[in-house]
Participant: 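Here you go, one structure.
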Amino acid sequence: MTATIQTGMAITLFITGIGMLICGLVIIMTREYQEAMRSLAGQSSRLSSKALADIGVQATLEGAAHLLEAITRLVQTAIGTGAFLCVLGTIICGLAFWMMLLIGDRGTP
């Protein structure tokens with residue numbers, strides 16, 4: 001009975017680890033924020049050329065610069081979260097494998 005529960009726990013841990021690994025890779029591979037950064041960078045260059053001619057556009061240019069900086073931090077945070085999930089998923093899969101090895105060693109005389 002104990003071996004069955006331990007096996008179930010190891011399988012659950014392994015599935016959880018694989019799920020974390022996949023989620024981390026999806027977060028890292030998703031490029032939805034990079035398109036927004038490219039668009040904002042293009043609009044910022046247009047605004048900067050207008051800012052030289054019009055003083056009222058300078059506030060908009062500063063806002064766009066702050067928005068671009070915030071999106072850059074968001075991308076870095078998302079990549080960090082994805083990397084953390086990948087590492088944690090790998091550790092949990094290794095733990096599940098180690099548990100299965102311990103369960104298997106008890107069964108042999």
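FYI, side chains are in, hydrogens and waters are out, and symmetry mates aren't considered; it's all heavy atoms of this structure. It should be emphasised that the depicted structure is a prediction, and the values quoted were computed from it without experimental measurement.
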Participant: Calculate, to the nearest 0.5 Å, the distance between atoms CE and CD1 belonging to Met99 and Ile103 respectively.
Facilitator: 5.5 Å
Participant: Distance-only check: which donor-acceptor pairs under 3.5 Å involve side-chain atoms of residues 8-25, not counting sequence neighbours?
Facilitator:
from  : atom 1 : to    : atom 2 : distance (Å)
Thr12 : OG1    : Gly8  : O      : 2.7
Thr16 : OG1    : Thr12 : O      : 2.8

Participant: Can you list every salt bridge (charged side-chain N to carboxylate O under 4.0 Å, His left out) pair that touches residues 70-84, not counting sequence neighbours?
Facilitator: Glu69-Arg73
Participant: Show the nearest heavy-atom pair for residues Cys86 and Ile28, with the distance to one decimal.
Facilitator: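 Answer, listing the atom of Cys86 first, then Ile28: SG-CD1, 4.2 Å.
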Participant: Any side-chain hydrogen bond (donor to acceptor under 3.5 Å, both in side chains) pairs touching residues 1-11, not counting sequence neighbours?
Facilitator: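 side-chain hydrogen bond (donor to acceptor under 3.5 Å, both in side chains) check on residues 1-11 returns Gln6-Arg106.
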Participant: Any chance you could measure Leu95, atom CG, to Leu88, atom CG, to the nearest 0.5 Å?
Facilitator: 10.5 Å
